[in-house]
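All of these numbers come straight from a predicted model, not from anything done at the bench. Numbers restart at 1 for each chain; the letters A, B, ... are given by sequence-line order, proteins then strands.
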Amino acid sequence: MTEGTTAGQVAVRVQGLWKRFGEQVAVAGVDLELPAGRFVGLVGPNGAGKTTTLSMVTGLLRPDHGSVEVVGHDVWRDPAQVKARIGVLPEGLRLFERLSGRELLAYTGRLRGLPGAEVDKRATQLLDVLDLAGAQHKLVVDYSTGMRKKIALASALLHNPEVLFLDEPFEGVDPVSAQTIRGVLERYTASGATVVFSSHVMELVESLCDWVAVMAAGRIRAHGTLAEVRGTERSLQQAFLELVGANGRDTGSDLDWLGGGAR
Amino acid sequence: MSTVTAAESVTPVVVRLKLSLLRNGLRQSAGRRAAYVASIVFVLLFAALQLIGLIALRGNAHAASVTVLLTAVLALGWAVMPLFFPGGDETLDPTRLVMLPLHPRPLVRALLVASLVGIGPLFTLCMFAGSVIAMAHGMAAYVTGVVAIVLALLVCVALARAVAAANIRLLSSRRGRDLAVLSGLVIAVGAQLVNFGAQKLGSSGLSTLDPAAEVLRWVPPASAIGAVDSVNEGSYATGVAQLALSAGALAGLLALWQRSLTRLMTSPDGSTLQAAEPTRDTAGRSSGLSRLLPAGRTGTVMERSLRYVWRDPKTKAAWVTYLAIGLIVPVFNALQGTGSIYLACFAAGMLGVLMYNQFGQDTSAFWMVALTISSTRDAYVELRGRALALLLITLPYATFVTVLTTAMLGDWPALPEALGLSFALLGAMLATGAWSSARYPYSIPQEGYKNAAPGQAGIAWISIFGGMLAAALLCAPVIALTIWLHVSAGGEDWTWLLLPLGTAYGAGLTLLGLRLSAPRTAARLPEILAAVSKG
């Protein structure tokens with residue numbers, strides 16, 4: 001761990017972020033500072049605004065209000081600095097699926113401006129590590145969900161970004177692929193890089209992340225280290241239900257039987 | 001015995017099922033009901049007109065040729081239709097009946113009878129009835145006619161069902177869906193050919209049909225209608241043989257249909273098979289193409305664009321359609337003697353349309369591009385790479401079409417100016433295409449035949465037609481110069497100048513268009529991504 005160099009630094013700084021789609025407010029004023037060198041989890045139920053937030057943070061969606069800084073550079077005013085430093089695995093967007101896995105990596109790496117030989121070397125290693133070497137000449141359109149996530153992760157890692165944004169990287173992924181992805185991500189953060197990933201699976205976030213931001217209905221409900229957010233609750237799941245239930249009915253105990261986190 | 005009772009009970013059930021599905025479908029919305037009624041009225045009117053036309057043919061020496069050809073064309077339509085509307089008939093989708101304990105034979109019988117309910121069979125019935133009325137003379141011929149109508153109609157319906165059943169697996173796999181998208185251009189090119197054929201027919205009369213009919217009267221189901229003519233002429237043996245041929249075809253089709261139905265209902269679906277299939281995709285083997293392309297972003301973008309021309313069904317369909325139309329229009333017009341060397345510019349104009357909506361062709365995968373564009377320069381190189389990939393094919397192709405048209409017209413002195421005009425137009429189309437790609441992006445749905453997502457068709461039309469108009473206006477100086485050289489005395493000697501001038505003008509326009517589009521692209525990345533992610 002390179003705690004000494006990255007501790008206390010801010011990887012992502014979000015201020016007053018708003019996004020409205022017609023009548024519906026997807027993100028309602030998010031202020032957030034994500035620490036560098038951590039495995040950061042953005043958790044929340046479906047429709048909480050996680051994907052919208054991540055899209056705005058990575059420059060894929062223009063916010064109505066607010067500013068986003070990634071490693072000290074403004075996403076909208078200084079895109080060159082930001083885009084070179086981030087890797088993104090979005091949710092719900094296609095890849096260039098009529099390329100084979102290897103071609104997709106070659107394409108992405110070269111678009112990123114890396115030298116061809118270096119791209120090919122890194123692609124080979126990533127394909128090996130992610131267990132895709134056997135399918136590297138198959139078109140991505142014929143890949144399974146797990147394989148798609150892995151090839152998308154590979155293209156997000158290819159240029160060795162400082163901050164990696166992953167939107168639901170484990171959604172629909174089989175356990176074997178999930179374990180592979182996990183291994184790669186753990187190795188990546190161990191070297192001091194930052195991973196920001198969204199999920200609605202609390203146990204996953206709990207087991208992977210050391211820093212968590214809880215999102216619901218377009219707002220950040222809590223953030224901090226895992227221990228801080230969990231507080232006195234036994235699990236993140238319970239803490240989360242408490243947080244979300246705060247403005248609803250008496251949900252703390254009612255929702256207990258819904259989540260699987262406690263047992 | 002049990003199969004007979006099953007058939008007796010299944011057939012009316014399936015027919016009733018079809019009728020109630022039809023009724024319920026219409027009950028859902030007034031718009032749908034109106035559309036259905038309108039289409040019935042239209043089809044009946046059309047059928048009535050055709051019927052009158054056929055009856056008017058009665059006594060014409062070539063009546064038999066027309067009816068035999070008509071039958072063959074109708075049968076072709078029936079064969080092709082299921083490929084275009086695979087989900088068109090719910091009751092006949094056998095995968096919905098998989099869980100029912102039905103034997104194939106009664107099922108086939110029931111589905112066949114149910115297939116006869118609808119506008120399509122009614123229309124076909126009218127056509128066949130008209131054909132028989134147009135030809136038959138005497139009792140024997142009419143009796144043959146009634147048998148022929150029933151046989152031909154059954155063959156048509158069975159053909160459609162057999163083709164659909166045989167292709168359900170194909171249509172539900174990825175490759176099949178790719179193919180279905182491609183088949184749209186069969187219609188596009190086919191329409192051109194039919195148009196050409198109709199013009200030819202108009203100029204030289206019905207007798208041109210005779211040789212084709214001579215062959216087709218032995219091909220089922222046209223042979224059944226042909227039998228009426230044979231009986232007319234007293235050759236009863238020929239008539240019976242022709243009817244037998246159609247009956248045999250019907251039996252064969254039913255057997256084929258039954259076999260694919262059985263296979264369909266007793267084996268896993270296509271997706272499972274495909275996943276189990278060993279990978280033998282050759283994709284990714286280095287084609288050597290990359291070594292010929294320039295290094296850096298330009299070559300990378302070009303390589304991806306060119307790969308997509310071949311591998312992406314939507315892109316491929318667009319390319320093949322535009323390549324075909326760009327060739328057919330000038331060449332066929334030249335063939336018919338109505339050609340003009342300037343029609344060769346059509347190829348350049350058509351292919352230039354492919355520059356439009358570049359980012360829509362990426363679908364939501366555009367995010368991968370958007371994440372690597374961080375300056376106007378990046379956007380410029382991206383657009384330039386795409387334009388270069390396009391030019392790599394269109395430039396030689398436009399040249400080829402122009403030279404071919406010139407050769408057919410024998411108007412060699414006009415070649416330089418035609419080439420110059422073509423290149424100027426191509427340049428203008430690339431320029432306006434790049435600009436509208438940045439300004440008016442829209443989604444291209446990957447499934448089906450639509451080329452714009454719902455609600456975006458307006459943008460698509462405006463951008464393409466507005467762009468074509470703008471391109472024509474941009475070319476006005478070159479066009480004006482051409483006209484001026486032709487009307488001024490001694491100007492004809494200088495028309496060769498149009499080749500270098502037109503080429504330079506086109507290149508200049510393209511560069512200018514790319515320069516103007518790049519900042520718009522770079523500034524509107526999120527908006528473009530949102531616009532192209534709807535499909």
I'd like to know if A:D64 pairs up with A:R20 as an ion pair, taking the criterion as any Lys NZ or Arg NE/NH1/NH2 lying under 4.0 Å from an Asp or Glu carboxylate oxygen.
no
Between B:S375 and chain A, which part of the residue has a heavy atom less than 4.5 Å away: side chain, backbone, both or neither?
neither
Classify the side-chain pair A:H137/A:E103 by whether it contains a donor and acceptor separated by less than 3.5 Å.
no
Does the side chain of B:S533 pick up a donor-acceptor pair with the side chain of A:R94 at under 3.5 Å?
no
Check for me whether B:R304 meets the cation-pi criterion with B:Y308, that is, NZ or CZ under 6.0 Å from the six-membered ring centre and within 45 degrees of the ring axis.
yes
Residue pairs meeting side-chain hydrogen bond (donor to acceptor under 3.5 Å, both in side chains), one or both in residues 22-37 of chain A, sequence neighbours left out, come to A:R13-A:E33
Taking NZ, NE, NH1 and NH2 as the nitrogens, is one of them in B:R311 or A:E97 under 4.0 Å from a carboxylate oxygen of the other?
no
Minimum-distance pair of heavy atoms, taken over all atoms of A:R62 and B:A523:
NH2-O, 2.7 Å
Counting only non-hydrogen atoms closer than 4.5 Å, does A:L114 touch chain B with its backbone (N, CA, C, O), its side chain (CB onward), both, or neither?
neither
Can you check whether anything in residues 376-390 of chain B gets within less than 4.5 Å of chain A, heavy-atom wise, and list it by number?
B:E382
Heavy-atom proximity to chain B below 4.5 Å, by part of A:S55
neither
Please rank B:L525, B:V301, B:T315, B:L529 by heavy-atom pairs under 4.5 Å with chain A and give me the top one.
B:L529
Give the member of A:A156, A:G59, A:P90, A:P79 that has the highest number of heavy-atom pairs under 4.5 Å with chain B.
A:P90
Can you tell whether the side chains of A:D78 and A:R85 come within less than 4.0 Å, N to carboxylate O?
no
Is it the case that B:N357 and B:S437 place a side-chain donor and acceptor less than 3.5 Å from each other?
no
What part of A:L61 gets within 4.5 angstrom of chain B, counting heavy atoms only: side chain, backbone, both, or neither?
backbone
